[in-house]
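Note that the structure is predicted; figures quoted are calculated from it, not measured. Just so you know, ligand 1 is whichever comes first in the structure, and atom 1 is the first atom listed for that ligand.
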Amino acid sequence: MVEVNNVVSGWMREAGMAVRRDVVGNLVGRYEGAGEKTLVLGSHLDTVRDAGKYDGTLGVMVAIACVQDLHDRGQQLPYALEVVAFADEEGLRFGTTFLGSSVYVGAFEERLLGLEDGDGVTLAEAVRVFGGDPESIVEGDCEGGDLLGYCEVHIEQGPVLEDLDLPVGVVAAINGQSRLGVGFAGEAGHAGTVPMETRRDALCAAGEFVLEVERAARREPGSVATVGKISVLPGASNVIPGEAELSLDLRNPDDAARERLRDNLEAKASEIAASRGCEHRWQVRQETPAVPMDSDLSTLLERAVEESGVPAKRLSSGAGHDAAQVAALAPAAMLLVRCERGISHNPAESVEREDVGAAIEVMRDFISLVSQRVDAGTEPGRMQEGR
Ligand SMILES: [Zn+2]
């Protein structure tokens with residue numbers, strides 16, 4: 001992170017920005033404008049292990065390219081542009097996703113400072129070594145009052161744009177998630193002696209449930225549902241399974257639809273268990289609501305997409321992003337860029353040069369559409385106050 005921040009700081013300065021690091025180590029480049037208000041563009045610079053080149057980084061680079069273009073033409077906007085390169089989105093070291101952006105918006109939880117990495121170094125210590133200030137991390141670094149909004153460019157990390165043959169798309173909402181633990185308990189028994197008619201096989205109940213999850217999610221538009229983990233006890237080839245535990249991950253851009261699917265699946269699990277003389281257990285471990293993107297800012301972004309000659313398609317983001325955090329502070333919008341076969345978190349991550357060009361063109365146009373609104377006194381931030 002020290003190296004990448006140094007390199008990117010240099011590029012920000014070359015593009016005419018004043019550069020600072022905030023209390024947690026987010027890198028902030030500011031291109032002053034004629035007015036007081038600020039439009040923020042950004043994404044993250046950290047990665048997973050064995051990552052690709054574009055997840056996060058692309059959004060920071062597209063933003064810098066837009067500012068570079070303004071700087072080269074000596075153009076000043078009626079507002080300031082800030083490029084924020086968030087310090088820790090993936091949460092690899094401490095298992096905390098959105099660390100940088102949660103501090104930025106003032107949503108950081110103090111108890112996390114005591115978390116330790118694999119070498120026993122606390123988060124507080126790591127922030128201090130990195131040049132940040134763990135004492136003032138809780139207050140955050142940014143006040144939302146003067147923000148016109150936040151716009152993030154990110155690779156799609158899914159195959160939808162490729163299937164539609166589009167270089168870019170506008171995010172409607174970042175999907176909400178339910179994470180659950182589901183268990184079935186029957187009776188273990190001898191694989192050779194217990195007749196089929198009298199068995200209470202927990203794995204057969206779980207198997208029936210897994211296929212029901214697939215069927216139910218296919219019936220509910222926009223839903224994805226995954227059983228990614230299953231464990232069976234006692235776990236021997238000659239013993240009828242007495243217990244089966246599985247994970248369930250449900251996502252949907254619409255919270256009501258996700259909750260409906262969750263409740264229907266619980267009823268189904270109970271029905272399947274009863275029909276097989278088994279018990280079932282249902283544990284909701286985590287519920288994260290969907291984050292809709294700001295409609296005013298997203299409409300501007302759509303206009304910018306259309307003006308570049310590309311049909312504007314709204315899609316939901318199955319992956320989480322810094323924009324979901326920043327949305328609590330300011331109107332937020334996101335532009336997704338097509339990536340090859342949707343592959344991400346993998347060195348094979350790949351984008352086309354032309355698609356990156358399209359994203360830069362859209363963002364330049366978006367910036368000038370925001371300028372028109374500021375000049376007209378109807379800027380997005382002001383609209384928000386009335387809501
Ligand atoms: Zn990312």
Please determine if Arg73 and Asp69 form a salt bridge, counting it only when a charged side-chain N lies under 4.0 Å from a carboxylate O.
-> yes
Between Glu349 and Ser344, is a side chain to side chain donor-acceptor pair (under 3.5 Å) present by the stated rule, with each step listed?
-> CA-CA 5 Å; Glu349 219 170 62; Ser344 183; 2.7 Å; yes
Identify each donor-acceptor pair in which a side-chain atom of residues 46-65 lies under 3.5 Å from a protein atom, sequence neighbours left out, and give them as a table.
residue	atom	partner	partner atom	Å
Asp46	OD1	His44	ND1	3.2
Asp46	OD1	Glu89	N	2.9
Asp46	OD2	Glu89	N	2.9
Asp46	OD2	Glu90	N	2.8
Asp55	OD1	His44	NE2	3.1
Asp55	OD1	His154	NE2	2.9
Asp55	OD2	Gln157	NE2	3.2
Asp55	OD2	His345	NE2	2.9

Please tabulate, for the side chains in residues 265-273, all donor-acceptor contacts under 3.5 angstrom to protein atoms that are two or more places apart in sequence or on a different chain.
residue	atom	partner	partner atom	Å
Lys268	NZ	Glu271	OE2	3.4

Pairs touching residues 170-195 that satisfy salt bridge (charged side-chain N to carboxylate O under 4.0 Å, His left out), sequence neighbours left out | Arg179-Asp249, Glu187-Arg200
May I ask you to determine how many protein N/O/S atoms are under 2.8 Å from the Zn ion (ligand 1)?
-> 3
Relative to Phe184, does Arg276 satisfy both conditions: NZ or CZ under 6.0 angstrom from the six-membered ring centre, and within 45 degrees of the ring's axis?
-> no
